[in-house]
> 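I'd like to ask you about the structure that follows.
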Amino acid sequence: MSRKISYKDAINEALSQEMERDKSVIVMGLDNAGGRGTEGEKDAWGGVLGVTKGLYGKYGDRVMDTPISEAAYIGSAVGAAACGMRPVVEMMFVDFLGVCFDQMMNQAAKFRYMFGGKSVTPVVMRTMYGGGFRAAAQHSQVLYSILAHIPGLKVVVPSTPYDAKGLLIECIRDNDPVIFLEHKALYGMKGEVPEESYTIPFGQANIVREGKDLTIVALGRMVHMASQAAASLAKTGVEVEVIDPRTISPIDWATILKSVEKTGKLVVVDEANPRCSMATDISAKVVQEAFKALTAPIKMVTAPHTPPPFSDVLEDLYIPNAAKIEAAVRSIL
Amino acid sequence: MSRKISYKDAINEALSQEMERDKSVIVMGLDNAGGRGTEGEKDAWGGVLGVTKGLYGKYGDRVMDTPISEAAYIGSAVGAAACGMRPVVEMMFVDFLGVCFDQMMNQAAKFRYMFGGKSVTPVVMRTMYGGGFRAAAQHSQVLYSILAHIPGLKVVVPSTPYDAKGLLIECIRDNDPVIFLEHKALYGMKGEVPEESYTIPFGQANIVREGKDLTIVALGRMVHMASQAAASLAKTGVEVEVIDPRTISPIDWATILKSVEKTGKLVVVDEANPRCSMATDISAKVVQEAFKALTAPIKMVTAPHTPPPFSDVLEDLYIPNAAKIEAAVRSIL
Amino acid sequence: MSELKKEDLLKAYRIMKEIREFEERLHVEFATGKIPGFVHLYAGEEAVATGVCMHLTDQDRISSTHRGHGHCIAKGVDIIGMMAEIYGKKTGTCCGKGGSMHIADLEKGMLGANGIVGAGPPLVCGAALASKFKGTDGVGVAFFGDGASNQGTVLESMNLANVWNLPVIFLAENNGYAESTGVKYNVPTPNIADRAAGFGMPGVTVDGNDFFAVYEAAGVAIRRAREGGGPTLLECKTNRFFGHFEGDAMTYKAPGEVKRQREENDCLKIFSAKVISAGLVTAAELEAIDKEVAALINEAVAKAVAAPKPTEADLLTDVYVSY
Amino acid sequence: MSELKKEDLLKAYRIMKEIREFEERLHVEFATGKIPGFVHLYAGEEAVATGVCMHLTDQDRISSTHRGHGHCIAKGVDIIGMMAEIYGKKTGTCCGKGGSMHIADLEKGMLGANGIVGAGPPLVCGAALASKFKGTDGVGVAFFGDGASNQGTVLESMNLANVWNLPVIFLAENNGYAESTGVKYNVPTPNIADRAAGFGMPGVTVDGNDFFAVYEAAGVAIRRAREGGGPTLLECKTNRFFGHFEGDAMTYKAPGEVKRQREENDCLKIFSAKVISAGLVTAAELEAIDKEVAALINEAVAKAVAAPKPTEADLLTDVYVSY
Ligand SMILES: Cc1ncc(C[n+]2csc(CCOP(=O)(O)OP(=O)(O)O)c2C)c(N)n1
Ligand SMILES: Cc1ncc(C[n+]2csc(CCOP(=O)(O)OP(=O)(O)O)c2C)c(N)n1
Ligand SMILES: [Mg+2]
Ligand SMILES: [Mg+2]
């Protein structure tokens, strides 16, 4: 497997292969084809950053463009999923969840429980998250903690092209509602991705780097920051273990706990705001379940408790980075 | 101060006194007066459970009823707040935030930061939360963790009539957007409440009961469950300290940390679902800041990772109670 | 009337009567304190759900509201299971986990009552979309109230249904009230159907207490949808006989308002009078149905009361298919 | 035209020209890579913001969109500060914390550009409500696009404004596109203004490239609102000359479409031709303004480039008034 493609192309390929395989898979979102109702090119956009580009050419009207009515079209995806389809619906940026959250939180997530187990709702919601684009307070948020808080949703945060493809295919085949979060600053990242279809099961963390001195759990784009920090620490003889949970609901507690049992120390790296976050979630689990093993305070490296700022200097200070992670690690060595 | 009134009446009194004092305070929400556009009584409802009953008689059109358009009317409250009013707007149940969250999360919460400090948005959003009414999955949620995650919002969870009145008046006078969460199962609870107006500052926890053996931090209605557990434990000689943070954003970390420094043990009681919750938030803070003092794993007592069930037997199993808290305490003594 | 065979007329009457009896009985039982939670009764509005659902099969889907019992019964959901559900019993339609506000039966094309005002129309758009992709001629009907007509989701869905040319009927049940607030306050036009034109679809208003008016108008809209003609907004003006939910004293209604409606605008009385005077059905035939329905509701209550509650083992199941 | 004094005509031209020059210059500067983030340009639509805001004072409030520069300039926000903001500088209108999508100036009655499509109309309803309570005759204008006309918040707000009888103008800027999608796909009626009737308010459509048409129609709506007559939906049909955002190749437009619009439908050209041929203003007077505006924009860019960035100390401030 030596073919390298981008995170963005890996997502596109996963969608294409699943649409090919299963007629009940449909794709919908703002401008996911693009150019409808115009006199110019059809398939003009493939979504705002081009992730679904080309699918319209291959699958025609199974790629549905939508009016700017997130609640209605995401709700439609939920309804269609409850009636035998497997929609992959895009909420362009996760920051927009405020206009359509009910359909995910109170409808999709709760149907099965409210209906006594007598329904399945295999809807996938793709959405972009995260900072680095100087896109300011309403287009740079992370927000997956909010989604992970809701029982009934599954939440997936791939950090590499390989994981993006395998996890997205898993999402589409899964019978529960899943939110698939794409970090917009990773779209250009290239990595090895098999051409053939494959899946990665939910709840299976990836040990990105082994180490005995300290455990870092990092999410999404932060996995790469953590790896950078670990590489730098290794030069001074500190062996850090870096874990990428890949899915945060469900989450692979066993791998995280086992690592902390070994290292006795934990740093959690989460690009989100700190309060009630995945960083606190992982910290809390570890202090409950691996307390005896802990030999130092847990450290969290997160964005501060402020909205994302616009200016590049401020955003660079805002997003966790390798230097901050390294400092957090050193503070508890 | 010997007058006892209910939690519900305390809220009503706070609203009335502030409307009396300050003409820029207005109240809006579904049926907050009631009976508009009918041939029957005006002021017929005072909100779905009667909390605002009587305000229309006293303040007339400053009590505004609204169409069922939460995004529009809550957004209006936000806009009015940015233009010199002090609206107290009701989102009937916190479960409805999915239809209007954007106006709180991306508008009210972010204005000041996005606008470089050049705005104030003194809007208060009152909302009911919590279980016990057999109101099932879409009318029993807690969800304050989602709100606490968002920088720019303040989040208040009064557990007694006294706190409800003093905190609500503080909310109304505060210059930031505040969410005021009323536990529907506490409305009937009576307690001493001064007739005159008073405020309780944000970020000041209440030590409900002192003790040296273990710290319980409990929120909202759970404060009473924790007190019950503490009373029962006291009979066997276990002295538990019970802390009610009263506001969760900001939150009084100093009082919590000081208590854990003393007791070495922590149980957090949160009626919410467990993932990315206030329970994890408090656990994470303590393991970061008071690690050395900790002599046992932290325990969380929360609802399980499921939607709220309807049937009374299931709901009783779902909501944390004194017995579960006591068991959690005993498990780490 | 002529369109309907006698068996259809009897069927329509039976459904309306089942709903009425179900609701009247719940009103009584609720007062005893044995029924948990919030209960919103549909009594008075029976002709609407029935007139619409008489056109539907199991492959057509509806979404309902917090006031969902009538829609469920009209769509064929089992009454014994519904009653048990409302009592919070393990034998209920949703195993006691949903309750009155969440009764659903996907096999019957009933996508659920819903505790969130306005949540149904998007779901029904999706159901209709599924019908299109699956190549059935199934339609979707979104029931919603006059109050719900102001919820953004409802308005967005109307537009979406037209953009996607979906076989959807937006069925506005205008009972004059959203909780305690009159439709005259919340809706600034004479009819909710006036909103249709702005989304490029036909809007029709009928007397929702007249089964036949509903049946006919729904028939037109549903045929149009089945044939690919797109969505319709159909408004039915009707009354609710009980409070917004059980426990509501209805002081916002004019004195005698409900009494007058029960006397003059009761869809069951209107239906009976019409079919009997037209000689299509006899009073005795209807009385026979009344008896059967009474027995059925008695049975439903007795079974619900006797049924077991869910147990601790049920608490954590059915959140996910797999996790 | 007759209504307007010469100084008003010159003022209108100056504002339109400022917007045009600001946007054309940003287009050039963006290509150099010095401007961070997403930038949506208003060029082509100047007559809309200008024709409306010429009627407004600082106590009237507007909400804007992601495409907000034109609204800001027309509402009197300082151009030097705006440019610095777009460059992410400490001297910017929002101290560099907001950027292009969040420029606001509450003193000027400008409630903010907005990154959330449809978020503005609710806010403006609140602003108008505040005017009513404070007893000013201030109005609110909510600018939104053809794409935004399908967002539930926008539709809900129209209804709410009527229910509360608010002095609000819903100003639909129909530039034919929502990102890459044509209005013909998203909006099933000939005009967005067709939605007004369903919410009980007047709906008017005008040529948004004709400053005078906008000015007149806005004047009627604003007077009506000030006098307590309630909301109006005013649709202005116009064009955008650049992509949805900078970087968009506009392959969805027909070949030559923008070129044709620039030639035939440029609001600045149309305005100039009208006022000059009517003998109200001379070409020389307009050229003098052009020069002043060019100098102003040069100055704004130069100052923005030279200005300091925010510093670490700014990161954590301004989240709350107190915490
Ligand atoms: C999003 C949301 N807002 C408010 C409510 C509370 N609520 C439940 S029913 C109702 C009134 C609905 O009125 P209408 O749509 O006319 O239906 P009806 O009760 O008359 O059948 C309200 C406000 C809710 N459940 N969901
Ligand atoms: C809630 C939400 N959905 C989607 C977007 C992404 N988005 C930004 S602008 C835009 C198109 C808006 O079109 P229109 O309203 O016609 O305004 P125009 O860009 O033409 O000025 C979209 C889809 C957003 N910012 N917010
Ligand atoms: Mg109603
Ligand atoms: Mg547009």
Side-chain angles (χ1 to χ4, degrees), chain A residues 71 95-107 109-110 113-114 136-138 141 143-152 248-249 251 268 272-292 294 296-300 303-307 309-310, chain B residues 71 95-107 109-110 113-114 136-138 141 143-152 248-249 251 268 272-292 294 296-300 303-307 309-310:
Chain A
D95 310 70
F96 304 164
L97 71 75
V99 304
C100 55
F101 192 31
D102 185 70
Q103 291 290 335
M104 296 311 297
M105 162 180 106
N106 279 327
Q107 312 301 326
K110 294 188 170 56
Y113 196 78
M114 293 193 305
Q138 295 172 340
Q141 295 170 90
L143 299 182
Y144 48 51
S145 327
I146 289 177
L147 301 164
H149 183 60
I150 305 295
I248 59 179
S249 182
I251 182 167
V268 192
N273 295 119
R275 303 292 313 278
C276 301
S277 62
M278 275 307 300
T280 70
D281 192 67
I282 294 168
S283 303
K285 185 71 173 185
V286 167
V287 68
Q288 279 188 83
E289 309 280 335
F291 176 74
K292 285 209 186 108
L294 277 181
I298 295 173
K299 290 284 158 188
M300 300 182 356
H305 185 66
T306 84
F310 165 63
Chain B
D95 310 68
F96 304 165
L97 70 74
V99 304
C100 54
F101 193 33
D102 185 71
Q103 291 290 334
M104 297 310 298
M105 163 181 108
N106 278 328
Q107 311 301 326
K110 295 189 170 54
Y113 195 78
M114 293 191 306
Q138 295 172 341
Q141 294 170 89
L143 300 182
Y144 47 51
S145 326
I146 290 177
L147 301 164
H149 183 61
I150 304 295
I248 59 179
S249 182
I251 182 166
V268 191
N273 296 117
R275 303 291 314 277
C276 302
S277 63
M278 276 306 301
T280 69
D281 192 67
I282 294 168
S283 303
K285 185 72 173 184
V286 167
V287 67
Q288 279 189 82
E289 308 280 333
F291 177 73
K292 286 211 184 105
L294 276 182
I298 294 172
K299 290 284 158 189
M300 302 182 358
H305 186 66
T306 84
F310 165 63

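Quick note on labels: first sequence line is chain A, next is B, and so on, each numbered from 1. All values derive from a computational prediction rather than experimental measurement.
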> Looking only at heavy atoms and a cut-off of under 4.5 Å, which of B:T306, B:I251, B:V286, B:V99 has the most pairs with chain A?
B:T306
> So which part of A:F291 gets closer than 4.5 Å to some heavy atom of chain B, the side chain, the backbone, both or neither?
side chain
> Heavy-atom distance under 4.5 Å to chain A: side chain of B:Q141, backbone, both or neither?
side chain
> Taking B:K292, B:Q288, B:K299 one by one, which has the highest count of heavy-atom pairs under 4.5 Å against chain A?
B:Q288
> Kindly indicate, with the supporting measurements, whether the criterion side-chain contact (heavy atoms from CB on, under 4.5 Å) is fulfilled by A:V287 and B:L294.
CA-CA 10 Å; A:V287 68; B:L294 276 182; 4.1 Å; yes
> Could you have a look at B:Q138, B:Q107, B:M104 and say which one has the most heavy-atom pairs with chain A under 4.5 angstrom?
B:Q138
> Between CD1 of A:I298 and NZ of B:K285, what distance do you get to the nearest 0.5 Å?
13.5 Å
> If I measure from the heavy atoms of chain A, does B:A137 come under 4.5 Å with its side chain, its backbone, both, or neither?
both
> Can you tell me which portion of A:M300 sits under 4.5 Å from chain B's heavy atoms? Options are side chain, backbone, both or neither.
both
> What are the two closest heavy atoms between B:H149 and A:N273, and how far apart are they?
CE1-O, 3.3 Å
> Enter the distance from A:I146:CD1 to B:L143:CG here, rounded to the nearest 0.5 Å.
10.0 Å
> Could you report the tightest heavy-atom contact between B:Y113 and A:P307, atom names first, then the distance?
CE2-O, 3.2 Å
> For B:F310, is it the side chain, the backbone, both, or neither that has a heavy atom closer than 4.5 Å to a heavy atom of chain A?
neither
> Considering only heavy atoms, which portion of B:A148 lies under 4.5 Å from any heavy atom of chain A: side chain, backbone, both, or neither?
both
> Using side chain to side chain donor-acceptor pair (under 3.5 Å) as the criterion, list what pairs up with B:Y144, not counting sequence neighbours.
B:D270
> Give every donor-acceptor pair under 3.5 Å between a side-chain atom in residues 274-282 of chain B and any protein atom, sequence neighbours left out.
| from | atom 1 | to | atom 2 | distance (Å) |
| --- | --- | --- | --- | --- |
| B:R275 | NE | A:D281 | OD1 | 3.3 |
| B:R275 | NE | A:D281 | OD2 | 2.9 |
| B:R275 | NH1 | A:I248 | O | 3.0 |
| B:R275 | NH2 | A:I248 | O | 2.8 |
| B:R275 | NH2 | A:D281 | OD2 | 2.8 |
| B:S277 | OG | B:P274 | O | 2.7 |
| B:S277 | OG | B:A279 | N | 3.2 |
| B:S277 | OG | B:T280 | N | 3.2 |
| B:T280 | OG1 | A:T280 | OG1 | 2.9 |
| B:T280 | OG1 | B:S277 | N | 3.1 |
| B:T280 | OG1 | B:S277 | O | 2.8 |
| B:D281 | OD1 | A:R275 | NE | 3.3 |
| B:D281 | OD1 | A:C276 | N | 2.8 |
| B:D281 | OD2 | A:R275 | NE | 2.9 |
| B:D281 | OD2 | A:R275 | NH2 | 2.7 |

